[in-house]
Undergrad: 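Structure below; questions to follow.
Proteins get letters first, then strands, A, B, ... in listed order; numbering begins at 1 in each. Bear in mind that the values here come from a model prediction, so they are computed numbers and not experimental data.
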Amino acid sequence: MLSRLVLRAAPAALRALPPPPVAVGVLHATRQLHTTQQSLAPLPPLPEKGGEVRHGLIPEEFFQFLYPKTGVTGPYMLGTGLVLYLLSKEIYVINHETVAAACILSVIIYGVKKFGPDVAAFADKLNEEKIAKALAVKNEAIDTLQTAIDEEKKEQWRVEGRTYLFDAKRNNVAMLLEANYRERLMMVYNEVKKRLDYQVAMQTLKRQKEQDHMIQWVEKNVVQSITPQQQKESIAKCILDLKALSKGAHATL
Amino acid sequence: LPAAVLLKDMKLMDVKLGQLPSWVAMRDFTPGGIVGAFRRGYDRYYNKYINVKKGGLGGISMVLAGYVVLSYIWSYSHIKHDRRRKYH
């Protein structure tokens, strides 16, 4: 029935689609996709119960079909009449097979009436287990995907902190540059100081040397200028002075 | 006034009795059509009575009853000899 519906609706749906563009190679963006109402997913759920069947043999639609004209007992009257006709005209022949069929049918009906509900419950339980397993798989898949989504969001949040990381790195680099600059400044200062000290030391040394040299030269010249004659006169003078002094000291005593 | 539906597209229950021969003549009798008809019938029966959550006994019992009736019809010429009366 569903397939017939699809077959009926397919031409109408195909006519409803706009005609494809001339350039068939270029498929994207111009042709509308999925414009029909029918779509295969999600599937509609299975119907709960099958079609009604009365006495296990005759569909309920038959009784509904005859109800307006003959009421409730109509189909049963029809059934009785048919059976009598078949028996009387011996279209249905009563022979050994009838007895066998009667026994088999009675056993079947007894079995169905007695064990029917149990078997039905067992089959339902099997179905429930199948559905529960499928549902568990689905839920598990959903949970894993959800955790994957959360992880991804956290990663995105972490990426936002990248700016801070780069700021810190930039600060580090600036500090390194500053430290290097100051180091070199210090080195320059030290070198210049060394050179200036050298110059100062040179000058003091030169002056000292000049002083020493001059003193030596003056002493040498003075010593040279003291002739022997002068030496004798100075010694005699000293002796006279000493005598005078000794006289004076001797007098005071 | 409902839109006029083509005769061959109408369902069997909507066909009037007088139109029945022409309706039957318009059906698709190619091999593909016959196979399609069997497939449609099978799908209809299957989806109505068997492909449900709580299927009942009626689903297979109707098929078995149909098989019983059909096999009785096929072996009637053989069963005719067990009749009790010759003239009815």
Undergrad: Please rank A/I58, A/I94, A/I91 by heavy-atom pairs under 4.5 Å with chain B and give me the top one.
TA: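 Winner by heavy-atom pair count: A/I91.
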Undergrad: Would you say A/Y85 has more than 12 foreign heavy atoms packed within less than 6.0 Å of its OH?
TA: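 Open.
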Undergrad: Can you check side-chain contact (heavy atoms from CB on, under 4.5 Å) on B/I79 and A/E97, steps first, answer last?
TA: CA-CA 10 Å; B/I79 295 180; A/E97 286 179 15; 4.1 Å; yes
Undergrad: For residues B/R83 and A/K89, determine if any side-chain heavy atom of one lies less than 4.5 Å from a side-chain heavy atom of the other.
TA: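 The answer is no; the side chains never approach within 4.5 Å.
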Undergrad: Where on B/Y76 is there a heavy atom nearer than 4.5 Å to chain A: the side chain, the backbone, both, or neither?
TA: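 For B/Y76, the side chain is the part near chain A, not the backbone.
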Undergrad: More than 12 foreign heavy atoms under 6.0 Å from CD of A/E140: is that the case here?
TA: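 Atom CD in A/E140 is not packed in, count stays at 12 or less.
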Undergrad: What heavy-atom pair brings A/E90 and B/H88 nearest, and what distance separates the two atoms?
TA: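 Of all heavy-atom pairs spanning A/E90 and B/H88, the closest is OE1-NE2, 2.9 Å.
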Undergrad: What closest approach, in Å, do B/Y49 and A/G51 show between heavy atoms, and which atom pair accounts for it?
TA: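 Closest pair (atom of B/Y49, atom of A/G51, distance): CE2-O, 3.4 Å.
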Undergrad: Any donor and acceptor pair, going by atom type alone, linking the side chain of A/E48 with main-chain N or O of B/K54 inside 3.5 Å?
TA: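 No.
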Undergrad: A quick test of your reading: do over 12 heavy atoms of other residues, nucleotides or ligands sit less than 6.0 Å from CZ of B/F29?
TA: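 Result for CZ/B/F29: enclosed.
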Undergrad: Checking B/Y72 against chain A: side chain, backbone, both or neither under 4.5 Å from a heavy atom?
TA: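 Side chain only.
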Undergrad: Go through the steps for B/K53 and A/E128 under the test salt bridge (Lys or Arg N to Asp or Glu O under 4.0 Å), then give the verdict.
TA: CA-CA 10 Å; B/K53 273 191 201 159; A/E128 287 287 313; over 6 Å; no
Undergrad: A side-chain contact here means heavy atoms from C-beta on lying under 4.5 Å apart; do A/L46 and B/V52 qualify?
TA: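 Result no, sub-4.5 Å side-chain heavy-atom pair not found.
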Undergrad: So if I apply the side-chain contact (heavy atoms from CB on, under 4.5 Å) rule between B/L57 and each of A/V119, A/I108, A/V112, which one comes out positive?
TA: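 Exactly one pass, corresponding to A/V112.
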Undergrad: Among A/E61, A/H55, A/H96, single out the residue with the greatest number of heavy-atom pairs under 4.5 Å to chain B.
TA: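 The candidate making the most pairs under 4.5 Å is A/E61.
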